[in-house]
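The model shown is predicted, which means the values in this text are computed figures rather than measured ones. Within every chain, numbering begins at 1; the chains are lettered A, B, ... in the order of the sequence lines, protein sequences first and strands thereafter.
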Amino acid sequence: MLTRTGWLTAAGAVALLAVGRLLALDEAFVAGATLGVLVLLAAVGVGLRRLHLDVARELHPRRVHAGRSSTIELEVRNRGRRRTPVLTLVDQVSGTRGARLAVAPLEREAVTGASYELPTERRGLLRVGPLEVLVGDPFGLAQARVRVTGVSELTVYPAIDDVAPIPDSSGTDPHAGRDPRHRLSPAGEEFFALREYVVGDDLRHVHWASTARRDRLMVRQDELPWQGRATVFLDLRAGYRPPESIEPAVRAAASLVHAGRRRGQQLRLVTSDGTDSGFAGSHAQVDAIMERLALVTAAATHDLGRAVDRLSRHPGGTLVLLLPADAAPDDRRRLQRLGSRYGRVVPVLFNPSSWDPDAGDGAARGDDGPRVTATAPFPVVWERLTRRPAPVGAP
Amino acid sequence: MTAPRPTRRARLRIPAEAALLALSLTALAALHPLFTDWSYLPRLAVTACVAHATVAAARAGRLGLPLTALVAAVVAVLTTTWLHAASSTWYGLPTTASWDAVAGELGDGWTTFQEVVAPTPPTTGFLLATTVALWLVAYIADWAAFRLWAPFEAVVPSAALVLFAAVLGEEGHGTLAAVGYLAVALAFVLLHRAYRQELTVRWVARGTGRGTRALLAAGGALAAAALVAGVAVAPRLPGSGDPALIALDGRGGSEGPRVTLSPLVDIRARLLDQRRTEVFTVRSDEPAYWRMTSLDRFDGELWSSGGTFQEAQGELPTGVAPDRVSRPLRQEFEITGLSAIWLPAAYEPSVVDSAGLDVRWEPASATLVVDQERATSDGTRYTVVSRLPQLTPDALRQAGPAPDDLRANYTALPDDFSRSARATAAGVVDGAATDYDRALALQEFFRDGFSYSTDVPAGHGENAVDAFLARRTGFCEQFAGTYAAMARSVGLPARVAVGFTPGQRDPADLGRFVVRGEHAHAWPEVYLSGFGWVAFEPTPGRGAPGAESYTGVQPDQATSVGPEITLHSSAGVTTTVPAPAASRPGRNPDDDTRATAAPAARRSPWAGRAAAASAVVLGAALLYLLAAAGTVAVRRLRWRWRRRRGPDEAARVAWLTANDALAVTGVAPGPSETPLEFSARAAPALGTGRDAHRSLALAATAADYAPGGVPAPVARRAAEDAKAVVTDVRRRTPLRRRVARRLQWWRPGPAHDGPTADRART
């Protein structure tokens with residue numbers, strides 16, 4: 001109840017009274033008594049203060065790519081009969097000192113609002129709250145805390161770069177390799193299959209006849225015939241030193257997923273710990289991949305076997321391998337061997353620590369594939385990789 | 001506590017700083033009980049304003065604490081000399097004469113402080129001491145308030161000043177001052193808090209103005225309520241109004257030896273400041289010197305005494321009971337304003353009748369005092385019968401040698417007693433046959449060649465002896481003290497008696513004498529075997545009634561009323577207190593005498609102290625520069641040593657070297673900043689060195705995190721990059737700033753908020 005200052009002041013009052021008694025100083029008695037009364041009044045005033053506040057807190061958007069803004073909006077309404085004192089709102093935000101806002105006195109039923117931006121520099125999960133209201137006295141001697149709202153969460157997706165989508169591959173796709181540019185519109189739909197509804201499917205695609213027949217929600221899967229499939233493999237194993245140097249790889253994966261969705265690709269993310277998102281086309285599914293990417297961390301060891309197993313089970317389209325540059329050659333060979341099942345395998349190597357400008361130009365292809373380095377970030381490397389060679393015999 | 005960043009225009013900054021100044025000024029006003037009048041205030045108020053303005057300006061100029069102290073010291077020295085020793089400056093600059101003057105006044109102030117009871121006249125010494133205290137208060141309070149952001153701690157220094165005044169000042173004068181001080185202190189704390197909120201706290205919906213007003217209004221009401229309640233409650237608290245448990249200045253009633261001030265030091269104040277104050281009246285058939293006590297110990301500086309007092313009523317046992325011829329004298333005393341424990345009486349009291357008043361008596365010094373229950377004898381009435389000795393020169397010449405133990409006690413002098421005084425005394429008594437003749441010769445030495453003036457420094461210490469002998473001007477305190485010391489040096493048992501000359505006869509009642517402050521007096525007593533203590537009168541213009549027969553001195557005393565010439569016309573202005581500026585530094589003739597006639601005695605100690613003070617200041621400055629140079633040198637050495645430990649360390653040292661240079665521009669890496677982040681932030685401060693700095697950041701990161709460390713060529717290039725950065729910084733910043741930065745060697749560089757900290761914004 002009493003703050004540190006309050007306790008110190010009370011101690012000072014006692015000390016002054018003691019000095020007054022020892023030396024018979026009226027002045028010290030008056031000073032001690034005044035300070036004592038001040039602390040007492042402050043404590044009683046704060047203790048008796050009843051607050052009736054409505055505090056609403058909104059966070060939007062709840063998911064955001066790193067670097068984009070997300071805002072908290074607060075609305076405070078005084079439901080009490082009396083004017084509020086000066087209030088302090090304290091909102092904890094994980095990883096920061098939190099937000100601290102002062103609210104000038106509110107008349108009865110008065111409303112005031114505030115908004116503040118959350119730090120979104122890093123991907124991950126940001127916990128906001130609980131929001132507390134502090135009531136204190138003007139001298140800061142006593143303080144009471146009231147918790148008014150719970151915890152909200154903000155998911156910060158990895159930052160994304162504007163990169164070209166993963167090129168379509170030849171392979172098992174019947175129409176693969178055909179240039180989609182001659183199509184009038186990417187919205188042409190051809191029926192592909194009926195399947196069960198999963199969360200995130202567009203309700204417009206529900207096939208009501210089959211739903212009635214099967215007594216389960218069935219959706220029509222319209223597959224565009226030229227629709228490419230692409231798989232992104234992200235290696236999370238040790239090899240990223242320090243662990244933060246995983247960020248470029250995660251960012252690259254997120255950029256590829258984002259670009260693929262714009263293009264309407266079916267995308268799949270497999271990580272080295274064996275997690276497989278499955279081919280995703282809908283917004284919800286892509287968001288699920290992003291959410292996964294928001295939270296991945298480099299892990300000490302994974303057995304690559306499970307991931308290779310997953311990769312080989314549902315092959316198709318292009319496979320992009322995002323690997324640390326010092327991945328074991330054996331592992332790399334195992335992954336490269338998957339090339340037979342995929343239309344095309346594109347390995348991108350990430351230098352674990354991008355300190356040394358001499359480590360090589362990312363564009364310079366060695367035996368092991370293109371490298372992402374400090375001077376050659378992923379968008380540059382990817383741009384060079386996907387630059388379409390001039391068609392043979394073109395005019 | 002972290003200092004808030006002044007991000008917005010702070011409207012309360014000036015009010016908060018002004019409140020801190022007001023706090024110091026109130027504390028200054030609370031010092032009033034220590035002084036006899038308000039004349040101390042103007043110059044000290046100016047000092048307080050200058051002190052606060054100086055430290056605030058230094059803070060606003062972002063000077064560190066040591067530099068602020070340096071600036072404050074310089075301004076303090078300048079303003080103090082202008083205010084208190086203006087005549088000694090050379091075109092406004094302090095000279096060694098200023099040092100001498102200030103140090104001398106401070107020394108005098110300290111001596112006086114040990115001797116007097118408040119209230120005292122505001123002498124320059126006291127003003128100087130208070131000036132020093134004010135500068136300290138301003139420096140510490142400003143530091144606590146606006147650097148540490150600790151308002152309660154900022155109040156402590158000035159509160160200490162107020163408490164000091166309360167302890168030393170007269171009782172019952174301080175409550176109003178305390179209430180005023182408390183009110184200002186609470187106002188300051190409130191304003192300081194509002195100011196801090198203005199800087200640190202974001203207000204919802206632009207509520208700054210309304211919020212601050214609400215805070216100040218509520219705080220003001222709370223403070224007022226607490227003050228009123230405090231004043232009302234304080235007298236009702238248990239223990240309030242009781243006597244002190246620890247007695248300072250004799251206020252309490254504790255057991256143990258009772259210490260009181262030497263009455264000798266009061267004389268000057270009585271003669272000058274309280275000369276018209278009625279001290280007591282006495283009804284007596286004939287006038288006499290009304291003697292309070294005698295002082296028998298001389299430590300080279302002060303005359304003092306000590307003794308065991310016994311209860312007394314009626315007949316008094318006398319220590320020395322000579323069979324000398326004497327006659328009785330009955331005196332009825334009524335003490336009105338003596339402000340001391342003494343009960344005056346003509347020498348030597350034999351019977352006391354105090355009508356219920358507890359009286360104590362010490363035979364050796366023939367001193368009557370009130371009992372410990374009374375702080376002073378003011379308001380008492382008593383009757384004393386004294387036996388006045390009847391002495392003739394012939395009888396006195398027959399006096400035998402004094403007893404050995406008595407002679408040993410009353411001829412004691414400190415080992416370092418002035419040689420020239422000894423020699424002078426020996427020369428004066430040369431040729432005198434008896435003790436009486438020697439005493440008489442000494443008396444004539446003073447009465448012939450010396451003149452009376454109160455316009456001289458107080459004191460009767462050892463230096464004062466030499467100074468007095470050279471100056472040949474002084475008042476009774478110096479005449480009596482010097483006479484007694486010189487008498488001792490030639491083997492005469494001697495002591496100093498303190499009391500009053502007979503006073504003025506009441507025209508309406510000729511048997512009544514009114515004794516005022518101006519009648520305060522001191523005279524020596526010499527022990528002549530068979531006759532006891534015999535008073536002599538070396539002070540010109542003074543003479544004891546009834547002693548003419550053996551001293552050859554006509555009865556005489558000071559009087560400012562009546563046909564006789566006043567003795568202190570210089571002080572005879574409307575106020576009884578001479579203005580400090582006029583009385584002390586302005587007494588030029590005296591200064592001249594002191595400077596020319598006694599250069600060895602008076603000047604040398606001050607000159608020595610001034611030299612010592614200058615040496616201390618110079619030494620401190622030199623130490624400071626050495627520390628600055630030393631830190632740089634030590635850092636360079638350590639880096640050189642680290643560089644030899646391999647390419648990793650070399651790369652790190654290159655990075656540190658570059659950042660050390662960069663710090664001059666005010667950019668320094670934050671605690672949670674990675675080298676690359678810092679490099680990006682520092683880029684605007686750099687020109688050609690930008691790329692070099694970035695590549696250094698890469699090398700430093702590699703040295704810390706790369707699995708194999710950095711290869712040697714990278715480390716070598718890092719060293720070149722560091723040089724490039726240093727050169728670039730050197731070209732871009734003026735020498736003045738680089739030097740200033742080097743002088744602030746303790747400063748780690750501006751704090752930088754971590755990349756994720758404090759990002760919440762309204």
Side-chain angles (χ1 to χ4, degrees), chain A residues 5 8-9 12 17 19-38 41-42 45 74 76 85-86 88-89 91 93 95-105 112-119 121-122 137-140 241-242 352-353 355-358 374, chain B residues 152 162-163 166-167 172 174-175 177-179 182 186 189-190 193 197 201-205 207 210-211 214-216 218-219 222-223 225-227 229-231 233-235 237 239-240 242-246 248 251-252 695 698-699 701-702 705-707 710 714 755-762:
Chain A
T5 312
L8 282 178
T9 310
L17 290 179
V19 167
R21 178 71 191 88
L22 284 179
L23 303 179
L25 285 181
D26 295 345
E27 297 87 339
F29 265 105
V30 170
T34 303
L35 288 188
V37 171
L38 190 70
L41 286 181
L74 283 177
V76 184
V86 173
T88 309
L89 305 179
D91 215 359
V93 180
T96 71
R97 287 193 299 208
R100 208 178 167 91
L101 302 167
V103 184
T112 188
S115 62
Y116 56 92
E117 283 182 15
L118 291 169
E121 280 81 6
R122 291 163 184 271
D137 69 290
F139 288 94
R241 273 186 301 265
S353 175
W355 61 272
D356 188 357
D358 292 335
Chain B
F152 284 92
V162 174
L163 212 60
V167 169
T175 315
V179 171
L182 270 176
L186 290 177
V189 171
L190 198 61
R193 201 171 143 76
Q197 284 217 338
V201 176
R202 332 263 162 177
W203 289 86
V204 168
R210 277 188 312 125
L215 192 81
L216 291 179
L222 187 65
L227 257 180
V231 172
V233 165
L237 287 175
S240 171
D242 289 359
L245 295 178
I246 301 174
L248 303 175
R251 268 194 200 179
S695 103
L698 287 167
T701 315
Y705 300 113
V710 291
V714 175
T756 55
D758 197 26
R759 283 294 152 87
R761 290 179 290 266
T762 43

Exercise. Not counting sequence neighbours, which residues clear side chain to side chain contact (heavy atoms under 4.5 Å, CB included) with Val19(A)? List them please.
Key: Leu23(A), Leu25(A), Ala28(A), Leu163(B)
Exercise. Please report the shortest heavy-atom distance between Phe139(A) and Phe152(B), naming the atom on each side.
Key: O-CE1, 4.5 Å
Quiz item: Tell me, side chain or backbone of Thr5(A) under 4.5 Å from chain B's heavy atoms, or both, or neither?
Solution: side chain
Self-check item: Portion of Leu186(B) that has a non-hydrogen atom of chain A nearer than 4.5 angstrom
Solution: both
Practice problem: Output all residues satisfying salt bridge (charged side-chain N to carboxylate O under 4.0 Å, His left out) with Asp91(A), sequence neighbours left out; order by chain, then residue number. | Solution: Arg57(A)
Quiz item: In terms of heavy-atom proximity below 4.5 Å to chain A, should Leu182(B) be classed as side chain, backbone, both, or neither?
Solution: side chain
Practice problem: Measure the shortest side-chain to side-chain distance between Leu222(B) and Asp137(A) over non-hydrogen atoms and say whether it is less than 4.5 angstrom. | Solution: yes
Exercise. Could you tell me which of Gly32(A), Ala31(A), Pro85(A) has the largest number of non-hydrogen atom pairs under 4.5 Å with chain B?
Key: Ala31(A)
Quiz prompt | Heavy-atom pair with the smallest gap, counting every atom of Thr34(A) and Gly230(B) | solution = OG1-CA, 3.6 Å
Quiz item: Do you know which two heavy atoms are closest between Pro105(A) and Ala214(B), and how far apart they sit?
Solution: CG-CB, 3.2 Å
Practice problem: Taking all non-hydrogen atoms of both residues into account, name the closest pair between Leu38(A) and Ala226(B) and its distance. | Solution: CD1-CB, 3.6 Å
Quiz item: What closest approach, in Å, do Arg210(B) and Ala104(A) show between heavy atoms, and which atom pair accounts for it?
Solution: NH2-CB, 3.7 Å
Self-check item: Beyond-backbone contact of Trp203(B) with Thr112(A), side-chain heavy atoms, under 4.5 angstrom
Solution: no
Self-check item: Segment of Val30(A) engaging chain B (4.5 angstrom heavy-atom cut-off)
Solution: both
Quiz item: Is it the side chain or the backbone of Leu17(A) that comes within 4.5 Å of chain B heavy atoms, both, or neither?
Solution: side chain
Quiz item: What are the two closest heavy atoms between Ala33(A) and Leu237(B), and how far apart are they?
Solution: CB-CD1, 4.1 Å
Practice problem: Between chain A and each of Val233(B), Leu190(B), Leu216(B), Val231(B), count heavy-atom pairs under 4.5 Å; write down the option with the most. | Solution: Leu190(B)
